[in-house]
Amino acid sequence: MAMLPGWNSLEAVGSIGHSLHMAAMVVLALLVVAEGLALVYDDRKYALVGAAERETIVSRDQEGLAVAERHHNQIAALQRDLEEAQRQQASLRLTTIGQQALLDAVSPFPGQQIEIVSMLGDPEGQQFANDFASVAQQAGWNATSINEAALATNPSGIEVLYREPPVGEVPPPALAALVDVLVDLRILPARSVTICEEVASEVIRLVVGTRSATAELHSSLSPKEPPEARNSAMVPDTAAEQ
């Protein structure tokens with residue numbers, strides 16, 4: 001102990017002891033402050049962890065809701081498509097609105113000759129053909145008879161056939177107008193015409209059936225262009241011999 005500073009001096013011992021007491025109080029105060037701050041930061045850490053967890057849960061819930069909504073919309077769209085397909089399969093009748101739209105579209109082309117062919121033994125298809133023939137006649141088209149035939153394929157709703165015109169010639173505008181209104185009425189699945197060399201020149205043939213027509217049988221029509229006969233060698237004939 002004699003080696004400690006001021007050990008043998010009364011003044012030094014008192015001064016050093018007082019200083020050490022003060023230092024101990026300062027250290028104790030710092031310990032208290034440090035412990036208090038540690039507790040505050042611990043609480044803040046747990047609060048931030050909880051907020052992050054809640055944000056993660058909310059984000060996950062939102063993603064789940066978005067996925068569920070997309071699935072719901074997809075199912076609803078599929079349901080609408082199914083109902084539309086069922087309605088089209090259930091009835092091939094032209095509605096009053098459809099008849100008027102068809103009449104408005106083809107009336108500007110009186111005198112156009114059209115052949116209407118329905119499936120043999122299909123009363124519903126024959127009634128649809130009768131509806132169409134009635135509208136065509138009101139528009140001044142030459143559609144005086146409806147032929148029933150055993151078709152090689154069974155198109156859905158109707159299928160439009162036309163003979164490929166000679167080089168340098170274009171189909172009549174009546175053909176494009178007819179195809180456009182049938183697409184608008186969702187009777188034709190696409191703006192297209194099937195090339196058929198058995199159809200007489202400048203005559204439109206309308207085939208009424210019950211099943212979907214194969215897309216490859218059609219020549220695509222570009223919007224706002226007259227119908228073009230393309231790939232005729234690759235297109236099988238879908239109409240029956242008359």
From W141 CH2 over to F132 CZ, what is the distance, rounded to the nearest 0.5 angstrom?
-> 6.0 Å
Heavy-atom closest pair (V181 atom, A101 atom, distance to 0.1 Å) is CG2-O, 3.6 Å
Of all heavy-atom pairs linking I195 and E164, the shortest is CG2-CB, 4.0 Å
Side chains of V179 and V193 in contact at under 4.5 Å (non-hydrogen atoms) = yes
Answer yes or no: is there a side-chain heavy-atom contact under 4.5 Å between Y162 and V203?
-> no
Considering non-hydrogen atoms only, spot the tightest contact between A176 and R191 and give its length.
-> CB-NH2, 4.0 Å
Any side-chain heavy-atom pair from R70 and V67 closer than 4.5 angstrom?
-> yes
Heavy atoms, side chains only, cut-off 4.5 Å: are L206 and V117 in contact?
-> no
For I97, which residues count as a side-chain contact (heavy atoms from CB on, under 4.5 Å) partner, sequence neighbours excluded?
-> T95
Less than 4.5 Å apart, any side-chain heavy atom of T96 and any of Q100?
-> no
Sub-4.5 Å side-chain heavy-atom contact between F109 and L178 = no
Rounded to the nearest 0.5 Å, what's the gap from CD on Q79 to NE2 on H72? Could you check?
-> 11.0 Å
Report all side-chain donor-acceptor pairs from residues 23-38 shorter than 3.5 Å, counting only partners two or more places apart or in another chain.
none

Which is it for V160 and I204 under the side-chain contact (heavy atoms from CB on, under 4.5 Å) test, yes or no, and what are the steps along the way?
-> CA-CA 7 Å; V160 180; I204 298 173; 4.0 Å; yes
Is S59 reaching over with its side chain to a backbone N or O of E55, donor-acceptor style, under 3.5 angstrom?
-> no
So do P172 and Q112 actually touch side chain to side chain, heavy atoms under 4.5 Å?
-> yes
Closest heavy-atom pair, V106 versus A139, reported as atoms and distance to 0.1 Å, is CG2-CB, 3.5 Å
Nearest 0.5 Å please: distance from the CD atom of E115 over to the CD atom of E198.
-> 10.5 Å
Would you give the length of the straight line joining atom CD of Q137 to atom CG of L103, rounded to the nearest 0.5 angstrom?
-> 12.0 Å
Donor-acceptor side-chain pairing of S118 and Q126 below 3.5 angstrom = no
dist E202:CD -> E169:CD (nearest 0.5 Å) comes out at 7.0 Å
Between CZ on residue R44 and CG on residue D42, distance to nearest 0.5 Å = 13.0 Å
Does some side-chain heavy atom of R163 sit less than 4.5 Å from a side-chain heavy atom of C196?
-> no
Could you check I114 against N142 for side-chain contact (heavy atoms from CB on, under 4.5 Å), going step by step and ending with a plain yes or no?
-> CA-CA 6 Å; I114 183 169; N142 184 8; over 6 Å; no
Minimum heavy-atom separation for A105 to P108, with atom names?
-> O-CD, 3.4 Å
From CA spacing to verdict: side-chain contact (heavy atoms from CB on, under 4.5 Å), N130, Q127 = CA-CA 5 Å; N130 287 328; Q127 182 58 61; 4.0 Å; yes
